[in-house]
Amino acid sequence: MLHHTKGIVLRTIKFGETSIVVNIYTELFGVQHYLVQGVRTEKRSSAKANLYQAGTMLELIVYHHPNKDLQRIKEAHISYLYQQLHQHMVKNTLMIYMLELISRTMTEPEANPELFSFFEDNLKDIDVQPVSALTFFPLHFTLELASQLGFSIQDAYTADTPILDLVNGRFCAQHDLQSMYFLEGDQARWFSHIANAQSIDDSSFTGEKRQALLMDCIQYLRLHIPSMGELKTLSILHAILH
């Protein structure tokens with residue numbers, strides 16, 4: 001049966017001599033794998049390859065069979081043409097980080113139009129925002145993704161609640177002896193600012209501290225999605241956002 005859906009290309013893998021398997025996060029069906037045949041021939045490779053670059057936002061007409069692992073695409077067209085993202089190293093790296101995080105956390109073929117719009121909007125933001133405005137993007141995106149998935153941080157850092165319990169996702173007055181994962185001091189305060197979409201106006205918040213806080217954000221997500229595994233893009237991200 002044919003369906004019209006939007007999609008975001010997460011990953012493309014070579015298959016056989018001339019084909020590819022494309023991992024796409026779709027608006028209607030969640031994560032899906034599509035077999036696209038004959039796109040790596042000399043005559044067609046360049047045009048077709050552009051359609052299935054990582055991060056490309058597509059309008060798709062697809063055949064969908066719930067019991068099949070590999071679906072097929074009838075038609076594919078670019079729905080949003082990036083202006084800067086693929087040509088700019090920092091923006092491209094932020095996109096790759098975002099796509100890897102989506103791939104690691106979104107594994108089920110379930111529709112979630114609101115989440116799809118969230119991904120779509122963030123990709124467009126990376127494309128159009130000046131690089132100076134993207135310094136905190138990995139932090140904000142990681143915690144907002146956690147919130148979208150139902151793992152919102154409860155409450156905020158205060159003098160009465162200065163400790164962040166990462167397991168339970170809440171600020172509290174004292175350590176939970178059952179939990180091994182918590183933040184306090186500046187790390188907890190900065191985490192609270194990011195979780196509540198507040199700016200951090202602190203000269204001591206250096207690039208090194210920002211990287212450490214990102215690791216805390218990822219740890220928080222991993223505690224709630226144990227199957228997430230290690231992210232391969234972090235070393236590149238740290239290198240460009242020092």
Side-chain angles (χ1 to χ4, degrees), residues 1-82 85-86 92 94-127 141-142 144-151 221-222 224-229 231-233:
M1 186 173 179
L2 285 171
H3 300 268
H4 181 276
T5 183
K6 292 193 286 185
I8 298 169
V9 177
L10 300 178
R11 187 184 180 196
T12 298
I13 304 169
K14 292 179 181 179
F15 185 84
E17 293 296 322
T18 62
S19 303
I20 56 174
V21 172
V22 189
N23 189 14
I24 300 178
Y25 185 76
T26 67
E27 185 176 32
L28 285 186
F29 307 111
V31 176
Q32 294 292 323
H33 304 280
Y34 293 95
L35 175 63
V36 185
Q37 295 177 305
V39 297
R40 289 168 48 221
T41 60
E42 291 184 7
K43 292 182 180 179
R44 304 174 64 185
S45 59
S46 58
K48 287 289 185 179
N50 288 336
L51 275 179
Y52 300 111
Q53 273 188 290
T56 302
M57 289 187 270
L58 297 171
E59 292 284 348
L60 298 164
I61 297 177
V62 300
Y63 298 96
H64 186 76
H65 301 277
N67 298 323
K68 288 190 175 182
D69 293 330
L70 275 180
Q71 309 292 345
R72 291 184 180 271
I73 297 172
K74 184 176 186 292
E75 294 182 25
H77 305 282
I78 293 176
S79 63
Y80 177 84
L81 190 62
Y82 292 115
L85 192 149
H86 286 305
N92 194 62
L94 291 173
M95 177 201 69
I96 292 171
Y97 169 76
M98 178 180 161
L99 296 181
E100 184 179 17
L101 206 55
I102 295 172
S103 296
R104 296 280 186 174
T105 56
M106 309 302 299
T107 57
E108 298 299 322
E110 297 176 356
N112 191 329
E114 289 185 7
L115 194 57
F116 182 88
S117 293
F118 168 67
F119 296 150
E120 199 174 40
D121 291 344
N122 274 274
L123 283 170
K124 291 178 181 178
D125 279 346
I126 295 174
D127 186 42
F141 177 77
T142 304
E144 181 59 26
L145 176 59
S147 179
Q148 291 277 340
L149 295 176
F151 313 128
L221 198 54
R222 186 178 289 116
H224 292 83
I225 308 176
S227 61
M228 194 174 100
L231 297 177
K232 297 179 180 179
T233 54

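If you're wondering where the values come from, they're calculated on a predicted model, not measured in any experiment. Side-chain atoms are counted along with the backbone in the values below, which use heavy atoms only and exclude waters and symmetry mates.
Using a 4.5 Å heavy-atom cutoff, the side chains of Leu149 and Ile225 are in contact. Proximity of His86 to Asn92: side-chain heavy atoms (C-beta onward) are separated by under 4.5 Å at one or more points. No side-chain heavy atom of Tyr80 sits less than 4.5 Å from a side-chain heavy atom of Leu123. Counting heavy atoms from C-beta outward, Tyr25 and Leu115 have side chains that approach closer than 4.5 Å. Counting heavy atoms from C-beta outward, Arg104 and Arg222 have side chains that stay 4.5 Å or more apart. Taking 4.5 Å as the limit, some side-chain heavy atom of Leu35 sits within range of a side-chain heavy atom of Arg72.
Among all heavy-atom pairs drawn from Thr107 and Ser103, the shortest one is CG2-O, 3.9 Å. Minimum interatomic distance between Val31 and Met106 (heavy atoms only, all atoms of both residues): CG2-O, 2.8 Å.
Of the possible donor and acceptor atoms, none in the side chain of Arg11 sits under 3.5 Å from a partner among the backbone N and O of Val22. Checked by atom type and distance alone, the side chain of Tyr82 pairs as donor or acceptor with a backbone atom of Gly55 at under 3.5 Å. With Thr56 contributing its side chain and Tyr52 its backbone, the two residues share no donor-acceptor pair below 3.5 Å.
The CD atom of Gln32 sits 5.0 Å away from atom NE2 of His64, with the distance rounded to the nearest 0.5 Å. Rounding to the nearest 0.5 Å places CD of Glu144 at 8.0 Å from CG of Asn122. Here the CG-CD1 distance, from Leu85 to Ile96, works out to 9.0 Å after rounding to the nearest 0.5 Å. Here Glu59 contributes atom CD and His77 contributes atom NE2; the two are 9.0 Å apart, rounded to the nearest 0.5 Å. If you take OG1 on Thr5 and CG on Leu58, they are separated by 10.0 Å, rounding to the nearest 0.5 Å. Taking CD1 from Ile8 and CG from Leu60, the interatomic distance works out to 11.0 Å, rounded to the nearest 0.5 Å.
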Requested in this report: Using the side-chain contact (heavy atoms from CB on, under 4.5 Å) rule, take Leu101 and Leu221 through it: C-alpha gap first, then chi angles, then the decisive distance, then the call.
Outcome: CA-CA 10 Å; Leu101 206 55; Leu221 198 54; 4.1 Å; yes
Requested in this report: Test Thr26 against Val62 for side-chain contact (heavy atoms from CB on, under 4.5 Å), laying out the working first.
Outcome: CA-CA 10 Å; Thr26 67; Val62 300; over 6 Å; no
Query raised in the report: Does the side-chain contact (heavy atoms from CB on, under 4.5 Å) test come out yes or no for Val36 and Thr12, once each step is laid out?
Result: CA-CA 10 Å; Val36 185; Thr12 298; over 6 Å; no
**Report entry** Check against side-chain contact (heavy atoms from CB on, under 4.5 Å), Phe119 and Leu145
**Finding:** CA-CA 9 Å; Phe119 296 150; Leu145 176 59; 3.8 Å; yes
Query raised in the report: Checking ring pair (Phe, Tyr, Trp, His ring centres under 6.0 Å) for the pair Tyr34/Tyr63: CA distance, chi angles, key distance, verdict?
Result: CA-CA 9 Å; Tyr34 293 95; Tyr63 298 96; over 10 Å; no
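Residue Asp69 places its CG atom among 12 or fewer non-hydrogen atoms of other residues, nucleotides or ligands, all under 6.0 Å distant. No more than 12 heavy atoms of other residues, nucleotides or ligands shown are found within 6.0 angstrom of CZ on Phe15.
Shown are His65, His3, His4; of these, the ring-ring contact (aromatic ring centres under 6.0 Å, His included) with Phe29 is made only by His3.
For the residue pair Thr233 / Glu100, a side-chain donor-acceptor distance below 3.5 Å is found, with atom types taken as modelled.
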